[in-house]
Amino acid sequence: MKLITAIIKPFKLDDVRQAVADIGIQGITVTEVKGFGRQRGHTELYRGAEYVVDFLPKAKVELAVDDEIAEQVVEAIINTARTGKIGDGKIFVTQLEQAIRIRTGETGKEAV
Amino acid sequence: MKLITAIIKPFKLDDVRQAVADIGIQGITVTEVKGFGRQRGHTELYRGAEYVVDFLPKAKVELAVDDEIAEQVVEAIINTARTGKIGDGKIFVTQLEQAIRIRTGETGKEAV
Amino acid sequence: MKLITAIIKPFKLDDVRQAVADIGIQGITVTEVKGFGRQRGHTELYRGAEYVVDFLPKAKVELAVDDEIAEQVVEAIINTARTGKIGDGKIFVTQLEQAIRIRTGETGKEAV
Amino acid sequence: MEELATQVTGISYALDTFYFLVMGALVMWMAAGFTMLESGLVRSKNTAEILTKNVGLYSIACIMYMLCGYSIMYPGGDFQGGYFNALANISILTGSDNDAAAVADGSYYSGLSDFFFQVVFVATAMSIVSGAVAERMKLYSFFVFAIVLTGFIYPIQGFWKWGDGWLNVGNGDVGFLDFAGSGVVHMTGAAAALAGVILLGARKGKYGKDGQVQPIPGANLPLATIGTLILWLGWFGFNGGSQLQVTGIENANAVALIFVNTNMAAAGGLVAAMLLSRIWFGKADLTMILNGALAGLVAITAEPLTPQPLEATLIGVVGGLLVVASIVFLDKLKIDDPVGAISVHGVVGAWGLLAVPLTNDDASMVWQLIGLGSIFAWVFVTSFAVWFVVKATMGIRVSDEEEYEGLDIGECGLEAYPEFVTTDS
Amino acid sequence: MEELATQVTGISYALDTFYFLVMGALVMWMAAGFTMLESGLVRSKNTAEILTKNVGLYSIACIMYMLCGYSIMYPGGDFQGGYFNALANISILTGSDNDAAAVADGSYYSGLSDFFFQVVFVATAMSIVSGAVAERMKLYSFFVFAIVLTGFIYPIQGFWKWGDGWLNVGNGDVGFLDFAGSGVVHMTGAAAALAGVILLGARKGKYGKDGQVQPIPGANLPLATIGTLILWLGWFGFNGGSQLQVTGIENANAVALIFVNTNMAAAGGLVAAMLLSRIWFGKADLTMILNGALAGLVAITAEPLTPQPLEATLIGVVGGLLVVASIVFLDKLKIDDPVGAISVHGVVGAWGLLAVPLTNDDASMVWQLIGLGSIFAWVFVTSFAVWFVVKATMGIRVSDEEEYEGLDIGECGLEAYPEFVTTDS
Amino acid sequence: MEELATQVTGISYALDTFYFLVMGALVMWMAAGFTMLESGLVRSKNTAEILTKNVGLYSIACIMYMLCGYSIMYPGGDFQGGYFNALANISILTGSDNDAAAVADGSYYSGLSDFFFQVVFVATAMSIVSGAVAERMKLYSFFVFAIVLTGFIYPIQGFWKWGDGWLNVGNGDVGFLDFAGSGVVHMTGAAAALAGVILLGARKGKYGKDGQVQPIPGANLPLATIGTLILWLGWFGFNGGSQLQVTGIENANAVALIFVNTNMAAAGGLVAAMLLSRIWFGKADLTMILNGALAGLVAITAEPLTPQPLEATLIGVVGGLLVVASIVFLDKLKIDDPVGAISVHGVVGAWGLLAVPLTNDDASMVWQLIGLGSIFAWVFVTSFAVWFVVKATMGIRVSDEEEYEGLDIGECGLEAYPEFVTTDS
Ligand SMILES: Nc1ncnc2c1ncn2[C@@H]1O[C@H](COP(=O)(O)OP(=O)(O)O)[C@@H](O)[C@H]1O
Ligand SMILES: Nc1ncnc2c1ncn2[C@@H]1O[C@H](COP(=O)(O)OP(=O)(O)O)[C@@H](O)[C@H]1O
Ligand SMILES: Nc1ncnc2c1ncn2[C@@H]1O[C@H](COP(=O)(O)OP(=O)(O)O)[C@@H](O)[C@H]1O
């Protein structure tokens, strides 16, 4: 199994969820994160002094998937999360040794 | 070493912490995440219009553990986090190449 | 490639960012997490009753880096995040199978 | 004896002036009510901007009404029929006030206390607009409109009724009554808002592709609630002060009855909206409930003096039912009003005007409709024109990116809650 | 001459009426104080519901008191001993008020201003209940209780004292005094709350297995603080208006002294709670400090007129000490009161009653105890019965799941702070 | 006839007393304004502490002013030149008030109403300090200073001007005027704050190594905004009550003019700050805008009666411009004032004093400078000494760790927003 972690623009989250659901992924876990990258944050002003809020809000999407569909999932994320503008984010894939569904104790493919 | 990541129901967090502490785990890291899965979110209402809040708050627990006790930890989490109802969550296990304690620079087993 | 995950004290975040940027890392992703460890939380008081807030706010920094500079990055983090006091945090390193830049579809080294 | 009479006159004058000032201060406090209500019902990313809009519009309203609005609305004896002649009548700037002779002549309170009371009314009308156009309008375009509304559009129709113009009872056979301004103030604000909203369009994402409503919940309901309660308190001044005098048994009784009726109408509106919301939606939707209380208040404003307390409660009840239905209905028409201002002040303002003849025989339904129609038409048409010009020149809507990112950063450069982690919405 | 006398009477009547209305408006403002205080001291997931409860109960109280409460409490001359006969006396619905003859006869303010002042008192009593039962009670069960308390339970005991019933000084050798309602209003609210809390039980998780207290911190302390300051301000109306008249040197001096004493008692209570909290717990617990100020206010309410300012301060100090001890003690008894209402209004309300004889010789300790005991017994027993019936029929407590998820979603269908990320609690 | 005269006197006395109490209640309400303003402009981790500070200082101010401040400031006829003799004059503690004879002699309002009005002024002065020293000062050290300022430093300079001391017009050729306290109250607060800030130092991280300003945004701008609007409302009492009497045509007109001018100055200050902020920084910085309104209010406080409304607006405009410039300038000097209190109340307070001769011929620029200088010098020097002693004994600054973790945990043991997830800052 693979653990796919995608850092995406938050407003793309709904589309990405839809896209992976279409492939048959039934569950994902999302975290609000701050991204620092080539895309720059914005400038704020407070009482005459400027300062840079240098992070950007991003959504981190984690999905555990079966090896067979991993590539397909990655493709789907790329296609939906891409705007073509800087800051679209990254996808990281790592090897997942085991996945267990707590409720049933099922493992592996059955668990995700 | 293994990195064990468990997505659990938030109100089970204290029990899980206790259970893994009993096994001798001294540290864990917890993140508030939003889970999308088979368990459905709830419906809200605003000015006459309904809408679905389709995520559920979940706690993501991360523990770096020594290979030897990994299984035991997983068992402990399953046993305490299980309610038997849908949405109990998942446990993911990945291989950890290295763990370092920043304060001392210790690595591996000593570090976790 | 490696995925380096560092749990650090939040007020060290800026220094760590600076340090890894100096090595040439262009992007990082940061999550606010709660840490439970040897370092204890603080006691609060509410209407005459005490209670322990037993977690500490920590920053989780994730960086995908090329194998070659992984060690250098880990060193840099250790050096800047260390205060020598308990609670400085941990660094975990895992193997990254793949990294993709969503915007361009670049993979591997080019992507991070 | 004569000395005593002078003393008594001085006391009477002082009491009426003091009453007027206290009532005016309560109405001024309504500015805080609108500010909190609106800042609670927008998203967090637009909160600093709506705060800025509200405090800004209040100040602009005061300045414009001082510079010309007051003299347009109350041209006084010298008024010869031309609105703009009225600009000459700017004694307010010289701060002269009634002397003993004027008082002997029948002036029973300070002219400046009248100005103070009136100026906070204009601000109220303008506050109504800011809620309806929230979360997407450019800040300075809004302020330009505020200048025109408070300096000209409002005072001109205000003159019709309260400045002794053609809509005033006593001028021929006119039977149009609007005691404290369901029409002159509230419907005016709503008409201006409606014109703005039509030209502005809905917030991005409010209406789905198939027309379904996608709610955009307000970020901070305690603020919306305290805003409503502030308005409720301030309304005692709004209606109670509109009696204009408290001395004398009759006046004192009148003010007391107005306080009771104002309170009962709000209570009735709130309970009605709560029950309707419970029956219709299955839940006690707090935002509807708050709008219900405000609807009760708007409904009783046109005539808080002739109904008995029980009747006042029922007038409020109808207001509360109407406002819930109206909010749902306007959403069907895709008229996007984040705080429900058009429903509360416009639809229910009209109801308030039409309810007058039910308890007051001096009003005729025909004249109420004439008054309603002419005020609405005047304000809507002129406002539409002004918004149109502003749109064509400065633009009235922020860019899509700014709307997405929030107006706080774009317009104010800061965030209302910089430290709090919010979900992106 | 006669004309002048008439004018003077008109002014006097107007001033007393106006004073009464302003004081009443300040008391109405206390509704906002309770609303904010309570919404700051509950968890974020129960905030919209407590807001709904507060604005709803205020409205219900106004309607019930108009429909029957006022006539039960003040049956007037026609009262023949039977409480429910009083229902006949509903002149309030017809809005008649004093005419010149009645004023000549000694009526010195508008009857409707009296109703306005009284109605906001009932709402105050009911507000006290909502805080104590917060975070676990069903919304509509609460409203059913509100109907009974404000329409019947409160007015009946109110009649005993203020409606010229058996507890009123002047009726035989009665020496029970309760100037503005430490007992009639505050302890009444607390007794009703206590009955409810006993039947309702504590919030899940408040008390650990071994009985230790597990604090459930309030989500928003700025709101709790502004709520307290609103109550402080409103209390000037609560106590100051209870003099019932301001004209005449003596009355004016009395109202001034009441303002000063009210303020000093609050200050004393606050400082005392702060110091005790510092010594006992080692920290300046803000929630205790706020309760201390309210305790000072409740304590002085039974007699704000006979103490000197320094004595008033000390009466407040004792209130402030008592409230801190009481809150800790009630938690030991596992009486779970999220906002401390039972301690502030009940325990300290009793202290207020007992403090009257210290400075006022017209009160006797025995009669203070009789009054205290009979009001408490009446309200507690009848409230218990009503809560019991409601529990047996509609139920009073939400399900465990709803309590865990928060009452906002369950009862109101929305969230108070939908965008803000909160830790699950 | 005589009876009627007595009645009229009673009414007149009552009206003036009632007016004074209502104005005083409005000023008391300013305490809530400062509390909200400051709690909105600090970081969330210091919010509970600033709330505690504000409610605590208000209470301390009331107690100290009762115990000795009032008699020092208004020693009355018995005053022989020695300040501390004044301590004998503590009739306030015995609650005696004017009787008929005293009223016949010319006392036209209750002495206790005067105390009430004055006591809320002291609290205002002290509130100014708390904002400037926020986020780093020890709670109890602050309270110790509060005791000294409100009990001694403030009353002594207050005596100079308002207690008929050497700065009062009528004493020889003195031409110093300060109607409602731009100097006596506002600049006093600012001078004490400045002394504290100098000894205390800036918040960690406020100024970068190369001296650049690193903004520390306030956590909750809706609170800051409602705080400002509360202050705006309260200021009608602050300035309007300082006329001291409302009966008589002239007094009533004066109070009305003061209301209007107060309102216009605030509006002018707000708009000026908004435009300057727009031009200078490119954005409508809400915090500057709010400070602009307060600056307008402070500016008009020294003389709200002689300017015409348009002049009042302009005096406010200058205040609004000054405050923006001053805030930026003080940051250059590394004087760290989280809420801008020194600029709003000090710099603009001075402007208010200097603006008096522009419209009032009774004031001379020389005497305005003398008054300004002597008040500032007295307050600054004595405050500096007190802060210095406190620093040397108890310490005034919390430890670096406590400052980093937030004063809420350290001083109050709890958090203001315990459930909300905040970014660490
Ligand atoms: N090496 C990295 N490790 C972890 N996260 C990264 C890395 N590089 C970028 N990111 C994340 O991806 C986001 C987008 O990256 P950015 O450089 O701004 O644009 P792009 O995705 O177009 O290359 C960043 O905000 C950050 O959250
Ligand atoms: N494939 C997956 N990858 C990542 N997280 C998942 C995945 N499936 C489920 N989850 C997480 O686990 C939670 C519980 O899953 P759910 O399907 O609701 O019930 P159950 O755990 O009983 O199967 C989800 O809310 C989500 O956070
Ligand atoms: N085994 C572990 N797995 C995951 N996170 C850990 C583990 N041990 C510690 N941590 C994280 O590291 C932080 C610091 O650990 P702690 O034991 O307090 O001090 P130190 O870093 O000095 O050993 C913890 O707050 C927790 O977030």
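Order of the sequence lines sets the chain letters (A, B, ...), proteins ahead of strands, with each chain counted from 1.
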Report which part of E62(C) has an atom under 4.5 Å of a heavy atom belonging to chain A: side chain, backbone, both, or neither. side chain
With a 4.5 angstrom heavy-atom cut-off, could you sort out which part of Q98(C) is near chain A: side chain, backbone, both or neither? both
To the nearest 0.5 Å, what is the distance between CG on D67(C) and NZ on K109(C)? 9.5 Å
Between T94(A) and chain C, which part of the residue has a heavy atom less than 4.5 Å away: side chain, backbone, both or neither? both
Heavy-atom side-chain contact between L63(C) and I77(C) under 4.5 Å: yes
Identify the two heavy atoms, one from V73(C) and one from I23(C), that lie closest to each other, and give their separation to 0.1 Å. CA-CD1, 4.0 Å
Enter the distance from L3(A):CG to E97(C):CD here, rounded to the nearest 0.5 Å. 10.5 Å
Quick check for you: among V112(C), T104(C), I28(C), which has the greatest number of heavy-atom pairs under 4.5 Å with chain A? I28(C)
Max heavy-atom pairs within cutoff under 4.5 Å with chain A, candidates R17(C), Q95(C), E106(C), goes to R17(C)
Against chain C, label K2(A) side chain, backbone, both or neither, depending on which of its atoms sit under 4.5 Å from a heavy atom there. side chain
With a 4.5 angstrom heavy-atom cut-off, could you sort out which part of I86(A) is near chain C: side chain, backbone, both or neither? both
Polar side-chain atom of T83(C) near backbone of K85(C) as donor-acceptor pair, under 3.5 Å: yes
For D54(A), is it the side chain, the backbone, both, or neither that has a heavy atom closer than 4.5 Å to a heavy atom of chain C? side chain
K58(C) side chain to Q39(C) side chain, donor-acceptor N/O pair below 3.5 angstrom: yes
Between the CZ atom in R82(A) and the CD1 atom in I102(C), the distance rounded to the nearest 0.5 Å is 8.5 Å
Under 4.5 Å heavy-atom distance to chain A, tell me which part of T107(C) shows up: side chain, backbone, both or neither. neither
